[in-house]
Amino acid sequence: MTTFMGTTSSVGTTSSGTKLQVADVMVSSQTRWRSGLNLWVKVLNDPAESNTTFVTENPYFLTLHLTSHSVTRTRQSTTMESRQQRVLSVLGVWYILNTHITTVFRAMLCVSRRRAAQRRQRFLKSISDTRHNFLLLRQRWRRQVLALLNQRRQPTVWAFSRASAFWDVTMPNFTPSDWIAHFRMSEETFSYLCSKLRPAMQKRNTNFRACVPLRKRVAIALWKLATNSEYRSIGLLFGVSTTSVCRCVQDFCKAVCKLLLAEVIAFPTLQKLQEMADYFETRWGVPQCVGAIDGSHIPIIAPQGFHTDYFNRKGWHSIILQGIVDGRGMFWNVNAGQPGSLHDARVLRLSTFWDLVAHGQLHPTSTKNIEGVNVGFYVLGDSAYPLQNWLLKPFSDNGRLTAEQQAYNRKTSRARVVVENAFGRLKGRWRCLLKRNDSDVELLKHMVLTCCVLHNICESHGEEYTECDAPADEPVVANMQEVAEEGSDVREALMRHFTR
């Protein structure tokens, strides 16, 4: 640069004649300077592609080239330092931003957690308040319901008003004979029966209507059993619906079978058997006899299924009632429901009495020596039953009976008539067993057992029976039995005892 300036100054001091040459020299010098400067810039940009020959041959670029290396080194070092500073600055800025962002995020997280906890507390409080309000509301509803239950509501439109003058006006004026004529028992026995059945038949009033009183329900059932009237007629008489009459009868029969059957009709104990044997011997002179057995047909309508099984030998459908009575005509074993086509011996074999005797319930060891034979307790039956040690029947009348055999038949027949009289009083009191019953077979079984229980209650309370006895069933013709007969020695001993 000094040389260049010196040359210029020297050139500037020459004469005016040579000014044009000096100008040319200056232009050429400037051109070379510019070309060298461009080449230097090119070398700085890409030193590998620079022309080294040109650099060494160009005197103006030589000085620039020498200077460029130092400038390049200085710029490179400066660039590295600046880059490091920039990287450190960027890292510092990043660290500051990251720290700030982390701090802000943690603060926001704490705020969000605090807000979530507050929302959860408010939610739990709202649930607690809702539950508390619900409990209060439920208690209020409960108080309202109890208040409604305690107060009697007026009958609604659907509760049809019926005339009940018979129960409200006529019944209170019944005389004792009226009670026995219509209900087959006195008012005292009726009250006793109501007290026994109260746990199973007592009803409660509802908010819609009053229930049928217990005494009225029992009276309806007794009227049905005693008269076998239609449900509609009984409903009009007592001022209730036909459905109520049917329900009263069903409930009454089920209650009697559940509460009174096992108590009133029970298999006798040894002491009771001895008492019954003493009564038979005292009244009819038949020792060791504890009862008489017989069967009776209960008329029914033909059932829907297996109706031919219920068609008996008399030409109508029935079920069989097998009963065993003591000397006073009270039942101590009954079996009801077998189809009417079965033979009496078959009914006995299917009854519980046969199984009880097989298990020794008649106490076969309690015997009495009669004409050299140890005779235990036994019952009397007709010729349809098989001869057993505990079941004696008369000799078959083939026209060749001896005097002793005829005496035996007369003696046992007089004692056995007690069961026929018992069946007569049973059907006479409770006409539902005498006339054809239109009830279902299952319900009719309960009705038959109920009538037997009521028969024993009336007999034990001394209720008089003034009506004519019902006709007795025709004797069953004996046929070949499925059980081998035994007990001939007992019958022979009794025959000798009667003719002694």
Interatomic spacing from CG in L236 to OH in Y231 - rounded to 0.5 Å
15.0 Å
Checking side chain to side chain contact (heavy atoms under 4.5 Å, CB included) against V357, which of V379, L362, L348, T352 comes through?
L362
My understanding is that only residues two or more places apart in sequence, or in another chain, count here; which of them pass side-chain hydrogen bond (donor to acceptor under 3.5 Å, both in side chains) with D251?
R217
Whether over 12 other heavy atoms sit under 6.0 Å from Q144 CD:
yes
Side-chain donor-acceptor pair under 3.5 Å between R431 and S229, yes or no?
no
Could you tell me whether the side chain of K216 and the main chain of F238 form a donor-acceptor pair under 3.5 Å?
yes
Spatial distance of atom CG (L109) from atom CZ (R106) [nearest 0.5 Å]:
9.5 Å
Aromatic rings W223 and H182: how do their planes relate, parallel, tilted or perpendicular, breaks at 30° and 60°?
parallel
Please verify the inter-ring angle class for F331 with H455; under 30° counts as parallel, over 60° as perpendicular, anything in between as tilted.
perpendicular
Is the F311-W316 ring centre distance short of 6.0 angstrom?
no
Let me confirm one number: the SG-NZ distance from C246 to K224, rounded to the nearest 0.5 Å.
9.0 Å
For residues T189 and E463, is any side-chain donor paired with an opposing acceptor at under 3.5 Å?
yes
Parallel, tilted or perpendicular: which one describes the rings of F174 and W179, with boundaries at 30° and 60°?
perpendicular
